[in-house]
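In listed order, ligands and their atoms are each counted from 1. These numbers were taken from a predicted model, which means no experiment stands behind them. Positions are given from 1, in the same order as the sequence printed here. Values below: all heavy atoms of this structure, side chains included; hydrogens, waters and symmetry mates excluded.
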Amino acid sequence: MSDLAGRTSLVTGATSGIGRAVAELLAQHGADVVIHGRDPRRGAEVVESISANGGAARFVAADLGDSRDVERLAREAGPVDILVNNAGIYEFASTLATTAESVDRHFAINARAPFQLVAALVPHMIEQNYGAIVNISSGAATTVMPAGAVYGASKAALDVFTHYWASEFGAHGIRVNAVASGPVRTLGTESMLAAAGDAMDNTTARGRIGDPAEIAAVVLFLVQSGSSYVNGAIVAANGGRRTALPS
Ligand code: NAP
């Protein structure tokens, strides 16, 4: 039997892309999954797909840009054993084209919301001396891209949280890790990838864009007992970096 049987997990941004793949995989491995997102239609679709495969899921809608709504999400999710902070936005723009509102949105959704969820959900994990938290970060936190300084900075904040939380909660049976994803084909990146054509494939050593399932597989490893000594790690799942030097 999977070691996730009887575990409850909350996956934010599970109505699309990487979050959906994570939610479906955790459910396949026996976890009860709280599906979070904003779109109730896509939320219901994910719940149905998990139920059709014999899994257990329910949907909670919340706007992570609104701190009150994040608190409500934590309450409605109830006690969870596994938290996957996946929901995120990326409005790739140059610094001169980025508004103050966009800066606030990135930090609220990509960093403040995970912070609030951890603050609300960790006390139960401490009580039971068990918990697994995975933050979905990005190579953009550590690699300079043509645009998107604010996105990269918000993910760098999430990386720093990962290190602090791993240290603060490690002695309480809680492991906190991150997956630094490379480019992956999702609803959110569809138009960006179409515009980039082959150029994006060629940024990775594997010569191709990733699939959400390839990120979900790493998350699964990080929440299972096989990774019991992995804590505070930022695991790159990006197909490998290509040299930036001329060959
Ligand atoms: P996506 O397809 O655009 O899906 C984003 C998810 O986040 C959706 O479920 C969406 O919910 C939710 N979300 C967005 N804004 C929200 C808000 N204000 N409140 C609540 N939920 C919100 O994204 P993705 O490409 O799978 O990316 C998922 C994560 O991976 C993000 O953190 C992203 O930064 C990271 N990442 C992605 C890539 C990539 O190439 N795809 C690369 C590196 C890192 P609704 O649609 O229901 O509102």
J.: Once you round to the nearest 0.5 Å, how far does CG of Leu73 lie from NE2 of His36?
T.: 5.0 Å
J.: List ligand 1 atoms under 4.0 Å from Thr189, heavy atoms only on the residue side.
T.: 39 (C), 40 (O), 41 (N)
J.: So is Gly19 polar-close to ligand 1, meaning N/O to N/O under 3.5 Å?
T.: no
J.: For the side-chain contact (heavy atoms from CB on, under 4.5 Å) test, which of Thr12, Leu222, Ile136 pairs with Val84?
T.: Ile136
J.: So, regarding Gly13 and ligand 1 (criterion: nitrogen or oxygen to nitrogen or oxygen, under 3.5 Å), is there a contact or not?
T.: yes
J.: Return the closest protein heavy atom for atom 14 (C) of ligand 1 as residue, atom name and distance.
T.: Arg38 NH2, 3.7 Å
J.: Assigning hydrophobic clusters by single linkage (Ile, Leu, Val, Met, Phe, Trp, Tyr; side-chain heavy-atom cutoff under 4.5 Å), is Leu64 placed with Ile133?
T.: yes
J.: Touching ligand 1 at all, Ala140? Heavy atoms, strictly under 4.0 Å?
T.: no
J.: Could you tell me whether Phe107 atom CZ has more than 12 heavy atoms of other residues or ligands within 6.0 Å of it?
T.: yes
J.: When you look at Thr15 and Phe59, which way does the side-chain contact (heavy atoms from CB on, under 4.5 Å) test go after all the steps?
T.: CA-CA 9 Å; Thr15 52; Phe59 175 65; 3.7 Å; yes
J.: I want to confirm something. Looking only at heavy atoms, which of Ala180, Ala87, Ala21 is nearest to atom 13 (N) of ligand 1?
T.: Ala87
J.: Are Leu158 and Val223 in one and the same hydrophobic cluster, where Ile, Leu, Val, Met, Phe, Trp and Tyr link if side-chain heavy atoms are under 4.5 Å apart?
T.: no
J.: Would you say Ser181 has any N or O atom under 3.5 Å from an N or O of ligand 1, going by distance alone?
T.: no
J.: Does Ile35 share a hydrophobic cluster with Leu220, counting links as ILVMFWY side-chain heavy atoms below 4.5 Å and allowing steps through other members?
T.: yes
J.: If you define the side chain from C-beta out and look only at heavy atoms, does anything of Thr98 sit under 4.5 Å from Val103?
T.: yes
J.: Taking only non-hydrogen atoms of Ala61, do any sit less than 4.0 angstrom from ligand 1?
T.: no
J.: Any idea which atoms of ligand 1 are less than 4.0 Å away from a heavy-atom of Ile89?
T.: 15 (N)
J.: List ligand 1 atoms under 4.0 Å from Pro183, heavy atoms only on the residue side.
T.: 40 (O)
J.: Looking only at heavy atoms, is any part of Arg42 under 4.0 Å from ligand 1, and if so is it the side chain, the backbone, or both, or is it neither?
T.: side chain
J.: Is it the case that the side chains of Glu24 and Ser49 hold a donor-acceptor pair, with the cut-off being a distance below 3.5 Å and no angle test?
T.: yes
J.: When you measure from atom 18 (N) of ligand 1 to every protein heavy atom, which one gives the shortest distance, and what is it?
T.: Asp63 OD1, 3.0 Å
J.: Which residue owns the protein heavy atom closest to atom 5 (C) of ligand 1, what's the atom, and how far is it?
T.: Gly88 O, 4.1 Å
J.: At a 4.0 Å threshold, what atoms of ligand 1 neighbour a non-hydrogen atom of Ala62?
T.: 19 (N), 20 (C)
J.: As an exercise, identify every atom of ligand 1 less than 4.0 angstrom from a heavy atom of Tyr151.
T.: 33 (C), 34 (O), 35 (C), 36 (N), 43 (C), 44 (C)
J.: Which bit of Lys155 is near ligand 1, meaning a heavy atom under 4.0 Å away: side chain, backbone, both or neither?
T.: side chain
J.: In terms of residue, atom name and distance, what is the protein heavy atom nearest to atom 42 (C) of ligand 1?
T.: Gly182 O, 3.2 Å
J.: Does atom CZ (Arg206) have a neighbourhood of more than 12 heavy atoms from anything else shown, all under 6.0 Å?
T.: no
J.: Look at atom 30 (O) of ligand 1 and say which protein heavy atom is nearest, naming residue and atom and giving the distance to 0.1 Å.
T.: Ile136 CG2, 3.4 Å
J.: What are the atoms of ligand 1, with element, lying closer than 4.0 Å to any heavy atom of Gly37?
T.: 11 (O), 47 (O)
J.: Are Asp81 and Tyr130 close enough that some pair of their side-chain heavy atoms sits under 4.5 Å apart?
T.: yes
J.: Where does Asn86 meet ligand 1, judged by heavy-atom distances below 4.0 Å: at the side chain, the backbone, both, or neither?
T.: both
J.: Who's the nearest protein heavy-atom neighbour of atom 2 (O) of ligand 1, and how far?
T.: Ser16 OG, 2.6 Å
J.: Where is the nearest protein heavy atom to atom 27 (O) of ligand 1: which residue, which atom, and how far?
T.: Tyr90 CE2, 4.0 Å
J.: Side chain or backbone of Thr15 under 4.0 Å from ligand 1, or both, or neither, by non-hydrogen atoms?
T.: both
J.: Below 3.5 angstrom, do we get any N/O pair linking Ile109 and ligand 1?
T.: no
J.: Of the backbone atoms (N, CA, C, O) and the side-chain heavy atoms from C-beta on, which set of Ala113 has a member under 4.0 Å from an atom of ligand 1: side chain, backbone, both, or neither?
T.: neither
J.: Specify side chain, backbone, both or neither for Pro212, according to which of its non-hydrogen atoms lie closer than 4.0 Å to ligand 1.
T.: neither
J.: Report the C-alpha separation of Glu101 and Arg105 in whole Å, then their side-chain angles, then the decisive distance to 0.1 Å, and conclude whether the salt bridge (charged side-chain N to carboxylate O under 4.0 Å, His left out) test is met.
T.: CA-CA 6 Å; Glu101 289 74 21; Arg105 254 193 316 277; over 6 Å; no
J.: Mark the output for His36 as yes if a heavy-atom distance to ligand 1 is under 4.0 Å, and as no if none is.
T.: yes
J.: Does the side chain of Asp3 pick up a donor-acceptor pair with the side chain of Ser225 at under 3.5 Å?
T.: yes
J.: In ligand 1, which numbered atoms sit nearer than 4.0 Å to a non-hydrogen atom of Ile18?
T.: 26 (O), 30 (O), 37 (C)
J.: Within a distance under 4.0 Å of any heavy atom of Ser138, pick out the atoms of ligand 1 and give their elements.
T.: 43 (C), 44 (C)
J.: Between the side chains of Thr186 and Thr189, is a donor N or O closer than 3.5 angstrom to an acceptor N or O?
T.: yes
J.: Side chain, backbone, both or neither: which part of Leu64 comes within less than 4.0 Å of ligand 1 when only heavy atoms are counted?
T.: both
J.: Report yes if some N/O of Val184 lies less than 3.5 Å from some N/O of ligand 1; otherwise report no.
T.: yes
J.: Going by the angle between their ring planes, with limits at 30° and 60°, are Phe161 and Phe115 parallel, tilted or perpendicular?
T.: tilted
J.: Which distance, rounded to the nearest 0.5 Å, do you find between the CD of Glu71 and the CG of Asp69?
T.: 9.5 Å
J.: Within the structure provided, determine whether Leu4 and Gln224 are in side-chain contact (heavy-atom separation under 4.5 Å).
T.: yes
